[in-house]
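Report on the structure given below.
Since the structure is predicted, the reported quantities are computational estimates derived from the model, not experimental observations. Below, chains carry the letters A, B, ... as their sequence lines are ordered, and counting in each starts from 1.
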Number of protein chains: 2
Amino acid sequence: MGLTKTEIFSEQQNQIAVFAKAFAHPARVAILQHLFKMDTCVCGDLVIEIGLAQPTISQHLKELKQLGLIKGNIEGTSVCYCIDQENWNKMKGILNEFFNLDISAAGNCC
Amino acid sequence: MGLTKTEIFSEQQNQIAVFAKAFAHPARVAILQHLFKMDTCVCGDLVIEIGLAQPTISQHLKELKQLGLIKGNIEGTSVCYCIDQENWNKMKGILNEFFNLDISAAGNCC
DNA sequence: TCATTCTATCGTAATATTGCAATGATACAA
DNA sequence: TTGTATCATTGCAATATTACGATAGAATGA
């Protein structure tokens, strides 16, 4: 049905899934890496840097913005994008808690 | 078109996206958490534990297995699943490298 | 052998995602 | 005002994902 049954999972499980979805596309990974690489905010060159059409980039930026991982400030005719440090760290905390589950007990019987 | 243009991205970017997709669904998050929680391998009770139909769980398990994040050993009529420690740590390394990109330079102009 | 149990696969329906052309909207410059 | 540059939105087509009923396969026990 293509419809994820979010209601049967915990808030935490859904939140992990939502954040993970942000990185589940190489274009969004590339956008974020570029935002990190630049020592200033990135305006328009994302379209040139990544090889996708402008509406496609705009759509990916919108998703990242809705998740709160990036911020966008209007600067004249262009828009300045950068990482939202606070939310980025929050996301990192949530995902790291999941990644660092104790592995010692599991995995020793297969 | 629903077709990700993997060819225009780096190997690393695609790999991050592929791993992230594993966690981009709460059912798979729940499966992995359950595998971690158990101090022994998990066989059939994932269907009961999580509220999805058996074919659906089987499908999610297949995806996780294809990524190498879990292993499955046949034990009589049932199958024993557990985390693949080696690949799990490898995945953690790749994603952490991405998460821990230097944030100090970016994000100070918005 | 036959029924039971457990899991995988197939087929299908519905929703989600991706990508882009066309079009708007806004700010600035001439 | 008229263009130009930049980015957002809309609308659409194509592919991907999610979920499950039905069914098949494999091992076990009666």
Side-chain angles (χ1 to χ4, degrees), chain A residues 1-9 13-14 16-31 34-35 41-67 70-82 110, chain B residues 1-9 13-14 16-31 34-35 41-67 70-82 110:
Chain A
M1 298 176 215
L3 207 171
T4 298
K5 289 192 165 178
T6 53
E7 70 274 9
I8 67 171
F9 300 106
Q13 289 164 341
N14 284 312
I16 290 171
V18 166
F19 277 130
K21 217 171 276 183
F23 313 118
H25 194 287
R28 289 191 289 270
V29 172
I31 288 171
H34 193 70
L35 291 184
C41 286
V42 173
C43 299
D45 42 61
L46 280 169
V47 176
I48 304 157
E49 192 75 19
I50 304 166
L52 293 170
Q54 180 265 325
T56 309
I57 299 290
S58 188
Q59 193 176 319
H60 284 306
L61 287 168
K62 189 182 173 186
E63 288 171 48
L64 291 173
K65 203 157 66 175
Q66 275 174 343
L67 271 176
I70 64 173
K71 291 187 288 191
N73 275 24
I74 298 169
E75 306 237 334
T77 72
S78 62
V79 178
C80 151
Y81 283 106
C82 61
C110 288
Chain B
M1 297 179 216
L3 207 171
T4 297
K5 289 192 166 178
T6 53
E7 69 276 10
I8 67 172
F9 301 105
Q13 289 164 341
N14 283 313
I16 291 171
V18 165
F19 277 130
K21 216 170 278 184
F23 313 118
H25 194 288
R28 289 191 290 270
V29 172
I31 287 171
H34 193 70
L35 290 184
C41 285
V42 173
C43 299
D45 42 61
L46 279 169
V47 176
I48 304 157
E49 192 75 19
I50 303 166
L52 292 171
Q54 181 266 324
T56 309
I57 299 290
S58 187
Q59 195 174 318
H60 284 306
L61 287 169
K62 188 182 173 185
E63 289 172 47
L64 291 173
K65 204 158 66 176
Q66 273 174 344
L67 270 176
I70 64 173
K71 292 187 288 190
N73 275 25
I74 299 170
E75 306 237 335
T77 72
S78 61
V79 178
C80 151
Y81 283 107
C82 61
C110 290

May I have the distance from Glu49(A) (atom CD) to dC7(D) (atom P), rounded to whole angstrom? 14 Å
Interatomic distance, Lys21(B) NZ vs dA16(C) P [rounded to whole Å]: 17 Å
Assess whether one donor atom and one acceptor atom, taken from the side chain of Gln59(A) and the base of dA8(D), lie less than 3.5 Å apart. no
From CG (Asn73(B)) to SG (Cys82(B)), nearest 0.5 Å: 7.0 Å
Counting heavy atoms from C-beta on, name the nucleotide in dT7(C), dT18(D), dG19(C) closest to the side chain of Thr4(B). dG19(C)
From the candidates dT18(D), dT5(C), dT6(D), the one with an atom nearest any side-chain atom of Thr77(B) is dT5(C)
As an exercise, state the distance from CD of Gln13(B) to NE2 of His25(A), rounded to the nearest 0.5 Å. 11.0 Å
Quick one: label Leu52(B) by what it contacts on the DNA or RNA (base, sugar-phosphate, nothing), any heavy atom closer than 4.0 Å. sugar-phosphate
Would you kindly compare His25(A) and Pro55(A) by the position of their nearest DNA chain C nucleotide and give the one closer to the 5′ end? His25(A)
N/O (side chain, His60(A)) to phosphate O (OP1/OP2, dT17(C)) under 4.0 Å: no
Does Thr56(B) reach a base, just sugar-phosphate, or nothing at all? Heavy atoms under 4.0 Å. base
How long is the span from the CD atom in Glu63(A) to the CD1 atom in Ile70(A), to the nearest 0.5 Å? 10.5 Å
With a 3.5 Å distance limit and no angle check, can you tell me whether Arg28(A) reaches the backbone of Lys21(A) through a side-chain donor-acceptor pair? yes
If I take atom CD in residue Glu7(A) and atom P in nucleotide dT18(D), what distance separates them, rounded to the nearest angstrom? 15 Å
Within this structure, what is the CG-to-C1' distance between Asp45(B) and dC6(C), rounded to whole angstrom? 12 Å
Could you check how far NZ of Lys5(B) sits from P of dC20(C), rounded to whole Å? 4 Å
Select from Lys65(A) and Ile74(B) the residue whose nearest nucleotide in DNA chain D is closer to the 5' end of that strand. Lys65(A)
Tell me which of Gly76(A) and Arg28(A) sits closer to the 5' end of DNA chain C, going by the nucleotide each one is nearest to. Arg28(A)
Tell me what Ser58(A) touches on the nucleic acid: a base, only sugar-phosphate, or nothing, going by heavy atoms under 4.0 Å. base
Provide, to the nearest angstrom, the distance between the CZ atom belonging to Phe23(B) and the C1' atom belonging to dT18(D). 19 Å
Protein-nucleotide distance (Lys62(A), atom NZ; dT10(D), atom C1'), rounded to Å: 10 Å
Please check if the side chain of Asn14(A) supplies one atom and the backbone of Thr6(A) the other of a donor-acceptor pair under 3.5 Å. yes
Between dA8(D) and Tyr81(A), is there an OP1 or OP2 to side-chain N/O distance shorter than 4.0 Å? yes
Separation of atom CG in Leu3(B) from atom P in dT17(D), rounded to whole Å: 10 Å
